[in-house]
J.: 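I have a structure here, written as structure tokens, and I will follow up with some questions on it.
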Amino acid sequence: MNSYNVYRNLLSAYGPQGWWPLLQRNSWPGYSQEGYHPGVYSLGLTPNERFEIITGAILTQNTSWANVRSSLTTLLMNCSFGPEYLRSAGHTELAALIRSSGYYNQKAKKLKTTAEFFLQRGAANDTPPSRKELLAIWGIGPETADSILLYAYHAPVCVVDAYSMRIFNRLEYRGSAEEGLWTYMGLQGKFHDELPADVEVFNEFHALLVEHGKRYCTSRNQKCSKCPLNSECRFVEQNS
DNA sequence: GCCCAGGAGCATA
DNA sequence: TATGCTCATGGG
């Protein structure tokens, strides 16, 4: 299944998603109360806005965004996402602030190690770190690294997540047949091959896959009859 | 009560 | 390289 066809189909069905949400801008024109900004991509980010995205990317690991937003609101009131605060805060204090995101002991440690990395880079934070540097940080894996590169630095990198795997495994009916399931790097390579190297396309594509995974391609009780991709999905074909 | 959510680290084989 | 386990809250 061609990723660009999927992208165009989902964009047509759902429209621009307004990622990555920025709570700090929730009173700006074009921004929703929750910080979404559909169709607005290219405004520069302040250091604290960039670090809000980095913080959110870590807190949302295996966690719903509603839980993360609650933590981000608390952090915004306490430190406005200044990384100096995350470094200096006590573990127990920080863990309490991000409690609603779950895994709060692990994530408190992840936030501190990440804050330390970016504080040491200092002025170099205007340019993106390498993917390898990000992966070397304790608490940052492939998806979080790519989310930081794409959404905090506008680098042309595709983000793959559990939804992407589920959707493309189903579209191609992988796993139940002779083909193996998609891996992170395998699916990212496919996306990079098939999509135009455009930051706005990559931005929307990942967000659209998340929306699609929530609305129709759910883990169970999937809603195939109303799915905008059902005419080209081998999972539907095999189960009808 | 169970399952899932915008994953990653670590031990084991 | 590839599984399996752990981390943890909050909504459906």
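In what follows, every chain begins at residue 1, and chains take the letters A, B, ... in the order their sequences are listed. Atoms considered below: every heavy atom in the structure, side chains included; atoms not considered: hydrogens, waters and symmetry mates.
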J.: Please check the phosphate of dA8(B) (OP1 and OP2 only) for any side-chain N or O of T144(A) closer than 4.0 Å.
T.: yes

J.: Are R234(A) and E172(A) ion-paired here, with the side-chain N under 4.0 Å from a carboxylate O?
T.: no

J.: Would you kindly compare S147(A) and G139(A) by the position of their nearest DNA chain B nucleotide and give the one closer to the 5′ end?
T.: S147(A)

J.: Relative to each other, are the rings of W65(A) and W20(A) parallel, tilted or perpendicular (30° and 60° limits)?
T.: perpendicular

J.: Go through the side-chain N and O atoms of D146(A) and Y184(A) and say whether any donor and acceptor fall under 3.5 Å apart.
T.: yes

J.: Looking across every strand, which nucleic acid part, if any, lies under 4.0 Å from I58(A) by heavy atom: base, sugar-phosphate, or nothing?
T.: nothing

J.: Taking the same atom, P, in dC10(B) and in dA8(C), what whole-Å distance lies between them?
T.: 14 Å

J.: Using a heavy-atom distance cut-off of less than 4.0 Å, which residues of residues 95-108 of chain A contact DNA chain C?
T.: R99(A), S100(A), G102(A), Y103(A), Y104(A), N105(A), Q106(A)

J.: Check the pair E116(A), K112(A) against salt bridge (Lys or Arg N to Asp or Glu O under 4.0 Å), reporting the backbone distance first and the verdict last.
T.: CA-CA 6 Å; E116(A) 182 64 32; K112(A) 291 176 82 66; over 6 Å; no

J.: Could you check I140(A) against W65(A) and say which one's nearest nucleotide on DNA chain B is further toward the 5' end?
T.: W65(A)

J.: Report which part of the nucleic acid I137(A) touches: base, sugar-phosphate, or nothing (heavy-atom distance under 4.0 Å, all strands).
T.: sugar-phosphate

J.: How are the rings of F168(A) and F205(A) set to each other: parallel, tilted or perpendicular (split at 30° and 60°)?
T.: perpendicular

J.: I need the CG-P distance between N62(A) and dG10(C), as an integer number of Å.
T.: 15 Å

J.: For L45(A) and A152(A), which heavy atoms make the closest approach, and how far apart are they?
T.: CD1-O, 3.4 Å

J.: Once you apply a heavy-atom cut-off of 4.0 Å, does F205(A) come out as touching a base, just sugar-phosphate, or nothing?
T.: nothing

J.: Heavy atoms only, 4.0 Å cut-off, all strands: where does W19(A) land among base, sugar-phosphate and nothing?
T.: base

J.: Hey, does R69(A) reach any base, or is it just sugar-phosphate, or nothing, if we go heavy atoms under 4.0 Å?
T.: nothing

